[in-house]
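The structure under discussion appears below in the form of structure tokens.
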Amino acid sequence: MKILLSWLREFAPIEGDVDQLTDHLSDLGMAVEDARVLDPLDGVIVARVADLRQHPEADRIQLVNVETTDGVQLQVCCGAFNMAVGDLIPFATIGTVMPDGMEISQRTMRGELSNGMCCSAAELGLGSDQDGIMILPDDLELGASLMDQLGLSGDVLWDLEINPNRPDAMSVAGVARDLAARLNIPFSIPEWVTSQGADSENGLATIQIHDGSLCPRFSARVIRGVTVSASPLWMQMRLILSGMRPINSVVDVSNYVMLELGTPNHTYDLSLVPQGHIGVRRAVQGETITTLDGQERELVPGDGLIVDYSDEPIGIAGVMGGARTEISPATDAVLLELASWEAESIARTSQRLGLRSEASARFERGTDWDINVLAVERFCYLLNEITPGGIELVGDVIDVEGNLPQRISVTVRTSRISMLLGRAFNSDEIRALLEPIGFLVEATDDDDVQSVTIPSFRPDTETETDIAEEVGRHYGYGNLGSSIPRSPDAGHLTTHQKVRRVVRRVMVGAGLAEAMPNPFLAPDEIPKANLRVDDPVRLLNPLAVEESILRPSLLPGLLTAISYNYSHRNRGVGLFEIGAVFDVSPDLAPLPSEHERLAVLLGGGDAFASIRVLETLASALHLSPELLNTDDLPGLHPTRGALVSLGGLEVGVVGEVDPGVLERYEIDERCGWLDLRLDLISQVSVAAGDASYEPVSAYPSSDVDLAFVVDDSVQASTIEDTLRQAAGEELHALALFDVFRSDQLEGGSRSLAFSLRLQAADRTLTDEEVGVVRQRCIDAVESSHPATLR
Amino acid sequence: MSVHEQIAEAQAEAVASIEQSNDLESLTALEPSLFGKKSQLGSLKRLMGEVDADDRASVGEALNEAQRIIREAHGVAKERFLSATRRDQLEAERLDLTESLESSPQGHLHLVTQTMERLEDVFVGMGFTVSEGPQAETDWYNFEALNLPAAHPARSMFDTLYLDLGDRTEIGDGQGGEATNILLRTHTSPVQIRVMEMMPPPIYTVCPGRVFRRDTADASHMPVFHQIEGLVVDHGISLADLAGTLNEFTAAYFGGSIRSRLRPSYFPFTEPSAEFDITCVICEGDGCQTCQRTGWIELGGCGMVHPNVLTNCGIDSEEWTGFAFGFGIDRLAIMRYGIKDLRDMYTNDIRFLRQF
């Protein structure tokens, strides 16, 4: 919302430093997006076109003689052709600094002198019109400062962001009311009554509201003697600076009243409205109307309609008028509509039709139903002022009520307001803050309680809490002071959050970088990554098909990231991600199932590299992973994958990415892959508890090395398990230290060498004891597996 | 030659032979001739019985002294040879330490994670817990419970991504923004609702997490981004408490020279509502391009929890009051390092990631 200081001053004697006023506006909840003191345009004066002639050397430039004061003429080269001899124009004299910083100097263009510049409105920062030189009204003073003549010298233009709960601030008067209250100066709306017509010819127009909820109030007036012409420059300037285009006198007055009082309005050519009758009702299925912009619009039940005597639509209520009753240069009698509408209905209709306008923006938030008649008077007053010879008002203001909202009163406890805002107010202070912005405050029998009546222009305010906001807003949020409440409990992270942080640190320690790929995938990424998910979670309204499903796995995202890096000549990149994956819930829960996973993709790493990351992670959490070699896991290398269990719970997979998948992602290096359910890891980690302590034995240990030839069908970890069991409690540590395949071994087998360290807590083990354990281990392995001691 | 002269001669010969040895081996070979029974001193010791009783003490003394001197000379020589050997060994092991071929540097946490953890740590220090919830949510938790019923015009403030769950999706009539009821959360406020439903007050918690909007990615918008929201519900919580808490957070996170201020605003889920500005971290309030010369930058929204929201969560809004606040994490992350384009954080380019 663009607001001019000079316009605000018509409602309140606002003075003071621009920066301070800007801070007040912002502090009142009208965020200032821009504050601009209008450029005084020193050096830009009113000049007259005295002569026009073709530049002898250039087709697109004409030579203009401008008369700056009586009898003084200067030659100027000008690229615009829209002025005629005798026109008054803005003229920038030599030395003028234009709003864009350019300084006007004497120049020679193709051999002809140019002693200044004829200006367009855009060049002067007065609107967007750059099509030609600005033509000024004839009554301006030749040679005088343009801005002085326009009455804009020293004016300030604010661009305010108005919140949806402040319909009152969608008008010059409303902003003035709020600012005047803050500045503690009087605010008033001037008397604009044009006292004529009251006793003549009532009945030229009739209004009938068929749906009182749609239209709480419809005010109207018949005006004759209208001449559609250009509006005066001062009005045009205000409209332009407020961001609207001047059209003609009637439309400009209509927009001016809307900007000033926040009341959108509409004019009909009365001669095109049969019998002068206007009805208001909701549309029924199948109705259509051709709107002012020439488009035929289909209506749906619920849309608000203005209809004529024969019940035919002649306008969409609060959104756009119909083409059939549009005023034209031939119009003599006008019917002015100034109505209030149901906010939700206008919002629905304008949104559906894509017709958002200054009018619908105001109706959607709720306009002041109590100001209609005043706004009618304002319209008539202004149109009378700017119409040469004046207008003729016919009959009284017509004012028909639908379901007029009741003024509501709210009980407001001083103690509650003080508690909510954190400052002790008394009832007088509350009254002094509320009354200047239109609230009526009355004492009650209870000292703590006042009754507050809410003004018609604040439909957003309904409760005691809403009133607290108004009190706080006008007292100033910054003046309330500050205090710090304290939780009765110590702040902390949950166990899961702590485990997640440990996992992140372990990944970073393992040299991996954390990636954040897009959680949305294209549907074809699922087969591309060989994931075999039939029914991924789909988006109903994706931005693009490439982002139309929610990832069921972290694999495609990380592959895309590795592929990106690979194509930028960064091989061997190791990435990890912790993030949610989604599946359609297997039970009938409404939400999709959502699991937090940890995934690691090691560019250039093999399955063992992934296992090293897994083992580092497990040891950091005092867990030991168990692996089960498994062929054809989704996305994994068909013969290099294993299921991972921790603490007896299956938590994910480890191995390498399927070479076929890597090929499709254009990655020409092996990629190690680890993919674990983080929620389960955290669960297992909590179950396992803290690290456990065993006293370090003071007695020497003995090492036993055993190598077995083992059939390939048996996992090394199975032999390890057997050894562990057989060795019993004297086993202190066990490790596989050599794997060896050779032609000398039987086909389909390999040699696995284990080292066992034996130690007792209370004595030195004798050679006999060590020998017994050794033999027990050998017997156990040979008897339970296709394995022989080498 | 007297016995004393013989001892002196034997000592001199032994010391001379030690000094003539070239290395540890020749010194070791010499040892029997220095210390053994067949050494010259050894022979002289055997003659002790033939020495006069009066001289015996002085001869014994001379023998011991000679022996000491020979051992010392031998010790010095041996140490010299050993240290030379050690020096040769160490020299042979000499390394150019800059020839290292492999490196295993520390990895990197994502900038968003680092920022999120830093924020969590500040709030934990202020007595808050950290709450989390699902990213796919029901319409109730994301909108309705937050005082945003289906037809509420403020729903247009959120460009929402909805999920298509087939039969499980309840599709509305498509009017007034009413649509399917499962969506990707547009803010972390649904976590606040879940916390209030589950936990009786007092509540002091922050809700960080990933959120979604139907926004085309550009330099300052991503369809997927991160937020942190805070919620306090307790007896007698006021707007002044909100201001004080945000001030404390601002000073703790940004540093003591950065302040915060509240400006009235509007959100459906809070009343009174406010925007939460901080001193521009670039110019520290002097006014620059980043803050459009105002000296302030808008960080987020906040306000007193709307009584309807408390009621929706089964909390008596007369007994308890609360405040809530929220702001974006991604913007804080890029602000700290002067990154111009949000999208840079999500390319997963190792050349970007490894800088943090």
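Fair warning: this is a prediction, and the values are worked out from it, not measured in the lab.
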Fill in: Beyond-backbone contact of B:Thr245 with A:Pro485, side-chain heavy atoms, under 4.5 angstrom
yes
Worksheet, complete the sentence: Here the gap from A:Tyr477 atom OH to B:Ser265 atom OG, rounded to the nearest 0.5 Å, amounts to 8.5 Å
Worksheet entry | chain A interface, residue from B:Gln135, B:Arg261, B:Met304 that has the most non-hydrogen pairs under 4.5 Å | B:Gln135
Worksheet, complete the sentence: Most heavy-atom pairs under 4.5 Å with chain B, out of A:Arg486, A:Glu161, A:Met419, belong to A:Arg486
Item to complete: Using atom types as modelled and distance alone, determine if a side-chain donor or acceptor of B:Asn348 lies under 3.5 Å from a backbone N or O of A:Met516.
Response: yes
Worksheet item: Looking only at heavy atoms, which of residues 349-356 of chain B get nearer than 4.5 Å to chain A?
Response: B:Asp349, B:Ile350, B:Arg351, B:Leu353, B:Arg354
Worksheet item: Between A:Gln497 and B:Glu132, is any side-chain donor less than 3.5 angstrom from a side-chain acceptor?
Response: yes
Discussion item. Can you tell me how far apart CG (B:Leu165) and CG (A:Asp535) are? Round to the nearest 0.5 Å.
Written reply: 9.0 Å
Fill in: Short side-chain to backbone donor-acceptor contact, B:Glu248 and A:Ile484, under 3.5 Å
no
Discussion item. Has B:Arg214 got a side-chain atom pairing as donor or acceptor with A:Asn541's backbone, closer than 3.5 angstrom?
Written reply: yes
Fill in: A:Arg500 and B:Glu117 ion-paired at < 4.0 Å
no
Fill in: Any side-chain heavy-atom pair of A:Pro592 and B:Ile182 under 4.5 Å
yes
Worksheet entry | Pick from B:Ala243, B:Ala136, B:Gly303, B:Gly125 with the largest number of heavy-atom pairs that fall under 4.5 Å of chain A | B:Ala136
Worksheet item: Is there a donor-acceptor pair closer than 3.5 Å between any side-chain N or O of A:Glu514 and the backbone N or O of B:Leu109?
Response: no
Fill in: Salt bridge flag under 4.0 Å for residues B:Glu318 and A:Arg413
yes
Item to complete: Would you mind checking if A:Arg501 and B:Asp121 are paired as a salt bridge, meaning a charged N to carboxylate O distance below 4.0 Å?
Response: yes
Item to complete: State, without any angle test, whether A:Thr465 and B:Glu271 hold a side-chain donor-acceptor pair at a distance under 3.5 Å.
Response: no
Discussion item. Heavy-atom pairs under 4.5 Å with chain B: which of A:Gly478, A:Gly509, A:Pro517, A:Ala580 has the most?
Written reply: A:Pro517
